[in-house]
There are 2 protein chains.
Amino acid sequence: MLDLLKPTVVRKRALRQGRDTREEILNAAEDLLQRRGYNAFSYQHIAVQLDIRNAAIHYHFPSKEDLGVALVQRYRQRFRDWTDEIAAKANAWGRLNAYFQTYVEYAEAQCKICPGGVLGSEFEAIPEEMRHEARLLMREIFEWLVETLELGRAQGSLTFLGDSRHKAVEIGAALQGGLQIARMAGPERFHQVLQQLALELCHSGADSLP
Amino acid sequence: MLDLLKPTVVRKRALRQGRDTREEILNAAEDLLQRRGYNAFSYQHIAVQLDIRNAAIHYHFPSKEDLGVALVQRYRQRFRDWTDEIAAKANAWGRLNAYFQTYVEYAEAQCKICPGGVLGSEFEAIPEEMRHEARLLMREIFEWLVETLELGRAQGSLTFLGDSRHKAVEIGAALQGGLQIARMAGPERFHQVLQQLALELCHSGADSLP
DNA sequence: GTCTATATCCGGATAGAC
DNA sequence: GTCTATCCGGATATAGAC
């Protein structure tokens, strides 16, 4: 057949048939972002990982800023989808616990940190449009946390001292910082943070937290 | 005099007489580190700020790794000195509050983040010896926090739920994450974290926290 | 859509004059 | 101890063939 007549170049094409390169780039970049940070990963890292050339990435994302912005927008969309989904399934404590679980995966998967941690740390060293998206992401997470805490307090499934907005930032900050500390001091540190958070929300933390 | 006979070159030298260039480099680098992160600052940034040439920095710190390691070692030394000093002056709550205060300065000075936040975020993208120093720094801070919490509990000046080690990581993580969140969402976020922490240590937080 | 080849720039680093 | 000049490698980005 025609395919057999054509050598390596076509084989490579065939390999990429049906594969969504753009999506794979985003996946690889997301992984790199949460491992190395924005300024410490390059198009080369992605190219090697996907076995494509540098220029192929530039076709999908002309500049690195485009890629960075797309990443944060994807985080935001994913968070929206996730909150919609979880709202149907669980009460406030269940939701919060499910949220914690995403961080557990970051910590255990292997020492990833969360988007907020990366963007916050490098905030002064990322393009303006990424900063804009980062602000939106943080606001959306914050608002969801506040709502969830207030709901939990009303339901009686969560108990905590003080203003729910203050508690929300504290929780968000502790999770974010906890992942970073875990990298340096070992993953058990992150579990200690989780246990303390659970304890202060009046849950034993022994049931669902590993 | 002899000085007047010699032109610009000597004037520059004269300007630097009595100035500790090595120390100034460290100061500038520390500032850049907490603003932009390790991988996003260059010798050029420092050179411009101090009005010296690139090569002058390499004289004091042959490689960027040397500079990075020196920075973390200085953080460690400073922390040791600080804890010695504060131990003579205050009870457990006073010590902890003084520790909080250093973070308040980071947040207010202008949107700096803490050493642990930088090193944790970029952990996979910094030289091995820096990682080593970072681990030591984090351990030292952690141990001091645990001691302080236990002392406070014994004294009755601090009250909190659960294991003092867990509480120590939670506090450290919340401070670290809080600074990063404050960059993206505004400085009031950091104060909310502080108030919540104080509240959960059974202090009004209204007295000494701005 | 992906490749090869190349342009451009920047950061870390060294040599040698002063 | 600091300078000027320069090297080298790596990173972003573009041009044009396939």
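So you know, we letter chains A, B, ... as the sequences are listed, proteins then strands, and number each from 1.
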- request: Check side chain to side chain contact (heavy atoms under 4.5 Å, CB included) between Gln192(A) and all other residues, then give those that pass, not counting sequence neighbours.
  value: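 Per chain and number, Gln192(A) pairs via side chain to side chain contact (heavy atoms under 4.5 Å, CB included) with Arg189(A), His166(B), Val169(B).
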
- prompt: Which residues pass the side chain to side chain contact (heavy atoms under 4.5 Å, CB included) test with Glu24(B), sequence neighbours left out?
  reply: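 With sequence neighbours excluded, Glu24(B) shows a side chain to side chain contact (heavy atoms under 4.5 Å, CB included) to Arg16(B), Arg19(B), Leu50(B), given in chain and number order.
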
query: In residues 21-41 of chain A, which residues come under 4.0 Å of DNA chain D by heavy atom?
result: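 Residues of residues 21-41 of chain A that come under 4.0 Å of DNA chain D are, in numerical order, Phe41(A).
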
Separation of atom [atom1] in [X] from atom [atom2] in [N], rounded to whole Å:
X        : N       : atom1 : atom2 : result
Asp51(A) : dT2(C)  : CG    : P     : 12 Å
Tyr59(B) : dA15(C) : OH    : C1'   : 16 Å
Ile57(B) : dT4(D)  : CD1   : C1'   : 15 Å
Phe61(A) : dT2(C)  : CZ    : P     : 12 Å
Gln44(B) : dT4(D)  : CD    : P     : 12 Å
Leu50(B) : dC3(D)  : CG    : C1'   : 15 Å
Asn54(A) : dT14(D) : CG    : C1'   : 11 Å
Lys64(B) : dG11(C) : NZ    : P     : 9 Å

message: If you only use heavy atoms from C-beta on, which nucleotide in dC3(C), dT14(C), dA13(D) is closest to the side chain of Tyr43(A)?
response: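 Of the options given, the side chain of Tyr43(A) lies nearest dA13(D).
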
task: Could you check which of dG11(C), dT14(D), dT2(D) has an atom nearest any side-chain atom of Ala55(A)?
output: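 Closest of the options to the side chain of Ala55(A): dT14(D).
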
- prompt: Within less than 4.0 Å of OP1 or OP2 of dT2(D), is there a side-chain N or O belonging to His58(B)?
  reply: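 No, no such contact exists.
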
task: Output yes when at least one side-chain N/O atom of Arg53(A) is less than 4.0 Å from OP1 or OP2 of dT2(C), else no.
output: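 Negative; the distance criterion is not met.
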
- request: Kindly assign one of parallel, tilted or perpendicular to the pair Trp82(B) and Phe79(B), based on the angle between their ring planes and the thresholds 30° and 60°.
  value: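 The rings of Trp82(B) and Phe79(B) lie parallel, inter-plane angle below 30°.
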
[X] versus [Y]: any side-chain heavy-atom pair under 4.5 Å?
X         : Y         : value
Ile113(B) : Phe123(A) : no
Leu145(A) : Leu96(A)  : yes
Tyr106(A) : Pro115(A) : yes

task: Without swapping roles, check the side chain of Tyr43(B) against the backbone of Ala56(B) for a donor-acceptor pair under 3.5 Å.
output: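 Answer holds: no.
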
